[in-house]
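Read the structure below first, then the notes.
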Number of protein chains: 2
Amino acid sequence: MYDIENSIGFLLAKVYQRGFGLFKEQLDSYGLTPKQFSLLAFLWIEDDLSQTSLSHKTQVDRTTIGGLIDRLEKLGLVKRLPTPEDRRAYRICLTERGRELEKELCGLAARVTEKFLSPLTAEEQTVLRSTLKKLRQ
Amino acid sequence: MYDIENSIGFLLAKVYQRGFGLFKEQLDSYGLTPKQFSLLAFLWIEDDLSQTSLSHKTQVDRTTIGGLIDRLEKLGLVKRLPTPEDRRAYRICLTERGRELEKELCGLAARVTEKFLSPLTAEEQTVLRSTLKKLRQ
DNA sequence: TACCGATAATCAGTGTGCTGTCAATCGGGG
DNA sequence: CCCCGATTGACAGCACACTGATTATCGGTA
């Protein structure tokens, strides 16, 4: 018999689900989802990138990135600008509003993370982070 | 600036995604997904339950459970039987075929898990399991 | 018995991940 | 300069997760 309740795969899925839910709850008033936040977080580091390079950086499928950008565009947080030297590609840029949200949303993310990780000691959090990095590849 | 690449939430999402993908790949030839497998794994422990009690046990949303069961039913692995004492509810039971798959799929799951966790030592795996349990709640 | 709140499951709609297909465009070789 | 393979992004379709509304039924009470 398979001890699903104690399998790391199952536990991982449930913990992920809980974290996602917590985050989603807090982002709701902004009309944002955790995935959209994560894309924004990458754009705050560097924007003016093509959808493909964003897809590589974030490890999100190219078709999914398209949909994410659609929604962020509707919210007025990013815009698609033409690329002069390649008419196939867009440059994905933050709007003024998209930049403004950085401080506020980062604070929110920090608070959610703290709540999410509250069952763990600082030491355990550090170990978890390095373990996850090993598993990410 | 938010260091998304090192945030536990982001890493968790990516690791989950990798595990899900690995599992999905292996289950593909059965026409099953990891979520469907996890529901089966619960049913191997105990079946003849209502959708609601399965939803509680597995911590999967009630509406999602309905869809999962739809697909498992189409594959001929489970069936919905009427509940004599409550005409609203179904009893979700494994079919012969659904029971037969247990040994095979559990072996597959064990192999996938081993591959997924191969970057970690046995010690690290144990620590990860107990950390995830703390975070699950 | 007739009604009422609670409960089981479904349906509709949104967000996301993935596969596969397609059109437009790019870049390099003949 | 034209053709071909590669690349960028769009779109359709399937699998979920979750919210909220709806339908059918249950159980208890007036």
Side-chain angles (χ1 to χ4, degrees), chain A residues 10 13-40 49-75 78 80-92, chain B residues 10 13-40 49-75 78 80-92:
Chain A
F10 177 76
K14 291 308 159 189
V15 169
Y16 165 71
Q17 199 176 345
R18 173 172 165 254
F20 188 88
L22 269 178
F23 220 138
K24 187 169 182 307
E25 214 172 274
Q26 296 304 310
L27 284 170
D28 228 40
S29 54
Y30 295 89
L32 285 171
T33 66
K35 312 289 176 80
Q36 292 170 14
F37 168 81
S38 121
L39 180 51
L40 280 178
L49 297 167
S50 72
Q51 292 190 190
T52 304
S53 58
L54 274 175
S55 166
H56 290 144
K57 275 194 190 254
T58 59
Q59 292 181 286
V60 168
D61 188 83
R62 71 200 191 290
T63 61
T64 304
I65 280 280
L68 281 174
I69 293 172
D70 279 350
R71 287 175 279 276
L72 289 179
E73 206 175 14
K74 263 179 209 153
L75 289 171
V78 308
R80 286 179 160 102
L81 298 178
T83 306
E85 67 282 9
D86 186 342
R87 267 190 287 172
R88 296 169 302 176
Y90 297 116
R91 293 145 52 213
I92 309 302
Chain B
F10 177 75
K14 291 308 160 190
V15 169
Y16 165 71
Q17 197 175 348
R18 173 172 165 255
F20 189 88
L22 268 179
F23 219 139
K24 187 169 184 310
E25 216 172 90
Q26 296 304 310
L27 285 171
D28 228 39
S29 54
Y30 294 89
L32 285 171
T33 65
K35 312 288 176 81
Q36 290 171 17
F37 169 82
S38 122
L39 180 52
L40 281 177
L49 297 167
S50 71
Q51 293 189 189
T52 304
S53 56
L54 274 174
S55 165
H56 290 145
K57 275 193 190 255
T58 60
Q59 291 180 287
V60 169
D61 188 82
R62 71 203 189 289
T63 61
T64 304
I65 280 280
L68 280 174
I69 293 171
D70 278 349
R71 286 176 279 275
L72 289 178
E73 206 175 14
K74 263 179 209 154
L75 290 170
V78 308
R80 286 179 160 101
L81 299 178
T83 305
E85 67 282 8
D86 188 341
R87 267 191 288 172
R88 294 169 303 178
Y90 298 117
R91 293 146 51 214
I92 309 303

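These values consider heavy atoms only, across backbone and side chains, with no hydrogens, waters or symmetry-generated copies. By convention in this document, chain letters (A, B, ...) are assigned in the order of the sequence lines, proteins followed by strands, and residues within each chain are numbered from 1. For clarity, every value in this text was computed on a predicted model and none was experimentally measured.
- With dC18(C), dG17(C), dC16(D) as the choices, the nucleotide that has an atom nearest any side-chain atom of Thr63(A) turns out to be dC18(C).
- At whole-Å resolution of the value, CZ in Arg91(B) and C1' in dA9(C) are 17 Å apart.
- When the P atom of dG15(C) is taken as reference, atom OH of Tyr30(A) falls 19 Å away, rounded to whole Å.
- Note on Tyr90(A): only backbone sugar-phosphate atoms sit closer than 4.0 angstrom, heavy atoms only; bases stay farther off.
- Gln17(B) places its CD atom 19 Å from the P atom of dA15(D), with the value rounded to the nearest Å.
- Across all strands, Asp61(B) comes closer than 4.0 Å to base atoms (heavy-atom distances).
- Among the protein residues, Ser50(B) comes within range of the sugar-phosphate backbone only, with heavy atoms under 4.0 Å from sugar or phosphate atoms but none that close to a base.
- Counting heavy atoms from C-beta on, the side chains of Val60(B) and Lys14(A) come closer than 4.5 Å.
- Within the nucleic acid shown, Arg71(B) comes within 4.0 Å of sugar-phosphate atoms alone, with no base atom in reach, counting heavy atoms only.
- Side chain Arg88(B) to base dT25(D): a donor-acceptor pair is found below 3.5 Å.
- Both Thr64(A) and Leu49(B) sit near DNA chain C, but only Leu49(B) has its closest nucleotide nearer the 5' end.
- Where Gln59(B) and Ile92(A) each meet DNA chain D at their nearest nucleotide, the meeting point lying more 5' is that of Ile92(A).
- Positionally, the nearest nucleotide of DNA chain D for Gly66(A) lies more toward the 5' end than for the other of Arg87(B) and Gly66(A).
- Within the 4.5 Å cutoff, no side-chain heavy atoms of Leu54(B) are placed close to those of Leu68(B).
- The distance from atom CG of Leu40(A) to atom P of dG15(C) is 15 Å, rounded to the nearest whole Å.
- Protein atom NE2 of His56(A) is 13 Å distant from nucleotide atom C1' of dG9(D), rounded to whole Å.
- Here Lys24(A) does not reach the OP1 or OP2 of dC18(D): none of its side-chain N or O atoms lies under 4.0 Å away.
- Across the protein-nucleic acid pair, Phe20(B) atom CZ and dT19(C) atom C1' stand 14 Å apart, rounded to whole Å.
- Remark: C1' of dT8(D) and CD1 of Ile65(A) are 13 Å apart, rounded to the nearest angstrom.
- Ring planes of Phe37(A) and Phe23(A): tilted class, angle from 30 to 60°.
- Counting any heavy atom pair closer than 4.0 Å across all strands shown, Thr33(B) reaches sugar-phosphate atoms only and no base atom.
- Within the nucleic acid shown, Leu68(A) comes within 4.0 Å of sugar-phosphate atoms alone, with no base atom in reach, counting heavy atoms only.
- Remark: Thr52(A) is in phosphate contact with dG9(D), judged by side-chain N or O atoms under 4.0 Å from OP1 or OP2.
- Smallest separation of non-hydrogen atoms from Leu72(B) and Gln36(B): CD2-CB, 3.9 Å.
- The distance from atom CD1 of Ile69(B) to atom CG of Leu39(B), rounded to the nearest 0.5 Å, is 6.0 Å.
- Judged purely by atom type and a 3.5 angstrom limit, Ser50(A) has no side-chain atom pairing as donor or acceptor with the backbone of Arg91(A).
- Within the 4.0 angstrom heavy-atom criterion, only backbone atoms of the sugar-phosphate kind lie near Arg80(B); the bases stay farther away.
- For Lys35(B), the listed nucleotide lying nearest its side chain is dC16(D); candidates were dA8(C), dG20(D), dC16(D).
- In this entry the distance linking CD of Glu25(A) with P of dC18(D) reads 12 Å, nearest Å.
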